[in-house]
Amino acid sequence: MEDKVLRKLFLGFIHIHVLHHAKESPIYGTWMLEELREHGYSIGPGTLYPILHSMESDGLLLREDRNVEGHIRKYYSITEKGNYVLKEAQEKAYELFKEIKD
């Protein structure tokens, strides 16, 4: 039960994390998995790639296919809508963390 609740909560954090990094520079799945692992998230490609695809479908990310050493790699950049959502999420997270920090 607790794992399921925490997983739902962390999925929201992962979305924010993806938007944050996609704003800094284009990201790709393998790099994002490594970045998330460095922050303690234990997710695999079967979780991350559907998140990236749904964020693209929702208009938060823009995908660009690039040829990297003979393989197509999908890079994701933040869109204007994604910037708006990230800004709103940052404001809400800041207010929440101020309230619960103690």
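These numbers come from the heavy atoms of this one structure, side chains and all, not from hydrogens, waters or symmetry mates. We number each residue from 1, following the sequence as shown.
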Tell me whether [X] shares a hydrophobic cluster with [Y], the cluster being built from Ile, Leu, Val, Met, Phe, Trp, Tyr side chains joined at under 4.5 Å.
| X | Y | answer |
| --- | --- | --- |
| L11 | L9 | yes |
| Y28 | I72 | no |
| L6 | Y41 | yes |

For residues Y75 and V68, determine if any side-chain heavy atom of one lies less than 4.5 Å from a side-chain heavy atom of the other.
yes
Just wondering, do H20 and K23 contact through their side chains at under 4.5 Å, heavy atoms?
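No. Closest side-chain heavy atoms not under 4.5 Å.
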Counterpart residues, salt bridge (charged side-chain N to carboxylate O under 4.0 Å, His left out), relative to E80 (two or more places apart)
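With neighbours one apart ignored, the set is empty.
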Find the distance between [atom1] ([X]) and [atom2] ([Y]) and round it off to the nearest 0.5 Å.
| X | Y | atom1 | atom2 | value |
| --- | --- | --- | --- | --- |
| Q90 | K87 | CD | NZ | 9.0 Å |
| K81 | N83 | NZ | CG | 13.0 Å |
| I16 | L86 | CD1 | CG | 7.5 Å |

F13 and F97 aromatic ring geometry - parallel, tilted or perpendicular at 30°/60° bounds:
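If you compare the ring of F97 with that of F13, the planes turn out tilted.
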For atom NE2 of H39, decide whether the heavy atoms of other residues, nucleotides or ligands shown that lie under 6.0 angstrom number more than 12.
yes
Any idea which heavy atoms bring I78 and L19 closest together, and the distance?
CD1-O, 3.6 Å
Note: V18 and L61 closest approach over all heavy atoms is CG1-CD1, 4.0 Å
Considering only NZ, NE, NH1 and NH2 on the basic side and carboxylate oxygens on the acidic side, decide whether E95 and K98 come within less than 4.0 Å.
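Yes, this pair counts.
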Using distance only, find each side-chain donor-acceptor pair of residues 43-58 under 3.5 Å and give its atom names and separation, not counting sequence neighbours.
{"unit_1": "T47", "atom_1": "OG1", "unit_2": "R7", "atom_2": "NH2", "d": "3.1"}
{"unit_1": "Y49", "atom_1": "OH", "unit_2": "T30", "atom_2": "N", "d": "3.4"}
{"unit_1": "H53", "atom_1": "ND1", "unit_2": "Y49", "atom_2": "O", "d": "3.2"}
{"unit_1": "S54", "atom_1": "OG", "unit_2": "P50", "atom_2": "O", "d": "3.3"}
{"unit_1": "S54", "atom_1": "OG", "unit_2": "I51", "atom_2": "O", "d": "3.0"}
{"unit_1": "S57", "atom_1": "OG", "unit_2": "H53", "atom_2": "O", "d": "3.1"}

side-chain hydrogen bond (donor to acceptor under 3.5 Å, both in side chains) with H21: which residues, sequence neighbours excluded?
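Per chain and number, H21 pairs via side-chain hydrogen bond (donor to acceptor under 3.5 Å, both in side chains) with H17, E24, E35.
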Do the side chain of T79 and the main chain of L60 share a donor and acceptor less than 3.5 angstrom apart?
yes
